[in-house]
Amino acid sequence: MSQEDIIKLYWLPYSRAQRIVWLLEELNLNYELIKHKRVQSVRAPKEFENVHPLGKSPLLEIIKPNGEKFTLAESGWIVQYLIENYDKENKFKPETSQDANQIGYFLHYSEGTIQPMLVGLLVNHVAATTAPFPARFLVKPIVGQINKGYYGTELLKNLKFLNNIVAEQNKKGSNFLVGDKLSAADIMLSFPILSAFTRDDMSDNYTSLKNDYPELYQYYLNLTKLDGWKKAAEQVKDMQKIAIDGKL
Ligand SMILES: N[C@@H](CCC(=O)N[C@@H](CS)C(=O)NCC(=O)O)C(=O)O
């Protein structure tokens, strides 16, 4: 496919941006990957604020042949935009209107519902592990209660929900979340699902996720066997460890 637009992706290690690398590979697009290390262990560098005021990752810049430039933020919107504008072979076109509805739901569900639970757990984990010495004894049980009463419990509810969907899909012979092919739903949800399985440590006593949600875990391992996933992993292997063919 001839591609006239210049596409630049601003990327951070272990971030939501990896799913955009994966989509760019699936769409067979040429792109420039601007990789930055995180600063203060988790934050994006200040330079990202020159691209978008909130300075998060992923950020995408599209430069048209006439010089017109678009800056795209929010991974759900970036995924939607790339598919709407560059999926010339209709690889990601839903087969039915039911599938379109379900994919649209997951595009928003990913950042709107499941991801905030993981962010809550991460913030609480940082609070519990970085509080100064005497306060730590107080902070730890408090955040433990918050996780038990909300973030952890809600995360488990969401993982059960997804596990049930994958189990139903498996019965129909599909390894994907919607229909029988890779969709924007798989691309978007790969990040929270991967985060849940690879960072069990954050969720206190919820360490048996792989055993409790086996279909979802196998689904995640299957994603790491796809060619597009592997090509995307190749692009970033100098800066992050990433599972390929089910192995880290
Ligand atoms: N809802 C946004 C979230 C973006 C976001 O928070 N990205 C993280 C990386 S996964 C980030 O840039 N963190 C560094 C920081 O906040 O300084 C999206 O889906 O793109």
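Just so you know, these numbers use all the heavy atoms, side chains as well, and skip hydrogens, waters and symmetry mates. Order of listing sets the numbers, starting from 1, for every ligand and every atom in it.
Closest protein heavy atom to atom 18 (C) of ligand 1: S75 OG, 3.3 Å. The shortest contact between atom 15 (C) of ligand 1 and any protein heavy atom is with R43 NE, 3.3 Å. Closest to atom 13 (N) of ligand 1 among all protein heavy atoms lies R38 NH1, 3.9 Å. Ranking the protein heavy atoms by distance from atom 12 (O) of ligand 1 puts S57 N, 2.9 Å first.
Of all the heavy atoms of R16, the ones lying under 4.0 Å from any atom of ligand 1 are found in both the backbone and the side chain. Counting heavy atoms closer than 4.0 Å to ligand 1, residue I78 contributes nothing at all.
By the 4.0 Å heavy-atom criterion, V39 is excluded from the residues contacting ligand 1.
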*Under the ring pair (Phe, Tyr, Trp, His ring centres under 6.0 Å) criterion, do Y86 and Y31 qualify, and how do the steps go?*
CA-CA 12 Å; Y86 299 102; Y31 56 97; over 10 Å; no

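For ligand 1, the polar-atom distance check finds an N/O of E74 within less than 3.5 Å of one of the ligand's N/O atoms. Residue contacts with ligand 1: Y14 is placed with no nitrogen or oxygen under 3.5 Å of a nitrogen or oxygen of the ligand (distance criterion only).
Among residue pairs with one or both ends in residues 33-57, those qualifying as ring pair (Phe, Tyr, Trp, His ring centres under 6.0 Å) are Y10-F48, H36-F48; sequence neighbours excluded.
Looking at every heavy atom in both residues, L209 comes nearest to A196 through CD1-O, 3.4 Å. Between P192 and Q115, the shortest heavy-atom contact is CB-OE1, 3.5 Å. The shortest heavy-atom contact between A17 and S57 is CB-OG, 3.3 Å.
Here the rule is side chain to side chain contact (heavy atoms under 4.5 Å, CB included) with Y81, and of V79, N85, I83 only N85 fits it.
Listed for the S195 side chain is a donor-acceptor partner under 3.5 Å among the backbone atoms of F191. Under a 3.5 Å cut-off, the side chain of S75 and the backbone N or O of R16 do not form any donor-acceptor pair.
Every atom of ligand 1 is numbered from 1 in the order shown, and the set under 4.0 Å from a heavy atom of A44 is 14 (C), 15 (C), 17 (O). The contact set between ligand 1 and P58, taken as ligand atoms under 4.0 Å from a residue heavy atom, comprises 20 (O). Near K56, meaning under 4.0 Å from one of its heavy atoms, ligand 1 places the atoms 4 (C), 5 (C), 6 (O), 11 (C), 12 (O), 15 (C), 16 (O). Close approach of ligand 1 to V42 is summarised as follows: ligand atoms under 4.0 Å from at least one heavy atom of the residue are 14 (C).
In summary, D245 and K225 do not engage in a salt bridge, as defined by a charged side-chain N under 4.0 Å from a carboxylate O.
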